[in-house]
**Student:** 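The structure is given below, and queries will be raised subsequently.
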Amino acid sequence: MMNNMDMVKQLISLYLTQGKDDFKNLEQVINEGSFSDIASKAHHIKPTMEYIGASDLRLAFQGLEKAARENTAMEDIKALYFTIKTDFDTAMSELEDYASTLS
């Protein structure tokens, strides 16, 4: 971004807003128990995780997507989700903290 801090701020804001919305949507379809929707929502989130440098989270979402596509037992999918939720919340918090340091 060639040190364009305005662009960096805009992208971080976008990642925070969209990421949280996407995660809420994932939570909703997990509660509904729709394997295809879980796979779709997890797939949708993966690129954002890579963009913000959270490669391990991207891999976790990929695992969740795969589990849903394979119709893994819902209790196992929910266990994966709760592990991801903790890491996702941490990543969003760290991104918010970083954003607050930008002038």
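The chain is numbered in sequence order, starting from 1.
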**Student:** Please say yes or no: joined through hydrophobic side-chain contacts below 4.5 Å, possibly via intermediate residues, are L59 and F82 part of one cluster?
**Tutor:**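 Different clusters.
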**Student:** Would you compute the distance between atom CD of E96 and atom OG of S100 and round it to the nearest 0.5 angstrom?
**Tutor:**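 Nearest 0.5 Å value for the CD-OG distance: 9.0 Å.
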**Student:** For the NZ atom of K41 and the NZ atom of K46, what is their distance to the nearest 0.5 Å?
**Tutor:**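 The distance works out to 15.0 Å.
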**Student:** Is there a side-chain contact between M49 and S55 in this structure, where contact means two heavy atoms from C-beta onward sitting under 4.5 Å apart?
**Tutor:**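 No; the side chains remain at least 4.5 Å from each other.
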**Student:** Can you tell me how far the NE2 atom of H43 sits from the CG atom of L64, to the nearest 0.5 Å?
**Tutor:**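 The distance works out to 13.0 Å.
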**Student:** For a 4.5 angstrom cut-off between non-hydrogen side-chain atoms, does L11 reach Y51?
**Tutor:**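 Sidechains of Y51 and L11: no contact.
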**Student:** Kindly give the heavy-atom pair with the smallest separation between A39 and A68, and that separation in Å.
**Tutor:**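 Scanning both residues completely, I find the closest heavy atoms to be N-CB, 3.7 Å.
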**Student:** Which value, rounded to the nearest 0.5 Å, describes the distance between R58 atom CZ and Q62 atom CD?
**Tutor:**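 Between atom CZ of R58 and atom CD of Q62 there are 5.0 Å.
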**Student:** Just so I know, are the side chains of M92 and I52 near enough to count as touching, which here means a heavy-atom distance under 4.5 Å?
**Tutor:**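 Counting from C-beta outward, M92 and I52 do come under 4.5 Å.
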**Student:** Does L102 reach the side chain of Y98, with side-chain heavy atoms less than 4.5 Å apart?
**Tutor:**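 Side-chain contact under 4.5 Å: yes.
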**Student:** Looking only at atom types and distance, does a side-chain atom of T90 sit under 3.5 Å from a main-chain N or O of T86, one as donor and one as acceptor?
**Tutor:**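 A pair under 3.5 Å: yes.
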**Student:** Where is the tightest heavy-atom contact between T72 and I77, given as atom of each residue plus distance?
**Tutor:**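 Shortest heavy-atom separation between T72 and I77 comes out as O-CD1, 3.5 Å.
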**Student:** What's the separation between atom CE in M7 and atom CG in L14, rounded to the nearest 0.5 Å?
**Tutor:**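 Rounded to the nearest 0.5 Å, the CE-CG separation comes to 12.0 Å.
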**Student:** Can you name the residues that form a ring-ring contact (aromatic ring centres under 6.0 Å, His included) with F23, not counting sequence neighbours?
**Tutor:**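 So F23 forms a ring-ring contact (aromatic ring centres under 6.0 Å, His included) with Y81, F88.
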**Student:** Side-chain contact test, heavy atoms from C-beta onward, threshold under 4.5 Å: evaluate it for T17 versus D21 and give yes or no.
**Tutor:**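 Yes, close enough: below the 4.5 Å cut-off.
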**Student:** Where do A91 and L57 come nearest, in terms of heavy atoms and distance?
**Tutor:**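 Minimum heavy-atom separation between A91 and L57: CB-CD1, 3.7 Å.
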**Student:** Can you measure from CD (Q18) to CG (N25) and round to the nearest 0.5 angstrom?
**Tutor:**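 The CD atom of Q18 sits 8.5 Å away from the CG atom of N25.
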**Student:** How close do L80 and A67 get, counting heavy atoms only, and between which atoms?
**Tutor:**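 Answer, listing the atom of L80 first, then A67: CD1-CB, 3.9 Å.
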**Student:** Could you note down all residue pairs passing salt bridge (charged side-chain N to carboxylate O under 4.0 Å, His left out) where residues 67-89 supplies at least one of them, sequence neighbours left out?
**Tutor:**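 Applying salt bridge (charged side-chain N to carboxylate O under 4.0 Å, His left out) to every pair that reaches into residues 67-89, excluding sequence neighbours, yields E65-R69, K66-E70, K85-D89.
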**Student:** Should H44 and D22 count as side-chain neighbours, where that means a heavy-atom distance under 4.5 Å?
**Tutor:**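 Side chain of H44 against side chain of D22, heavy atoms only: contact under 4.5 Å found.
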**Student:** Please name the pair of heavy atoms, one in A99 and one in I12, separated by the smallest distance, quoted to 0.1 Å.
**Tutor:**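 Heavy-atom minimum between the residues: CB-CG2, 3.6 Å.
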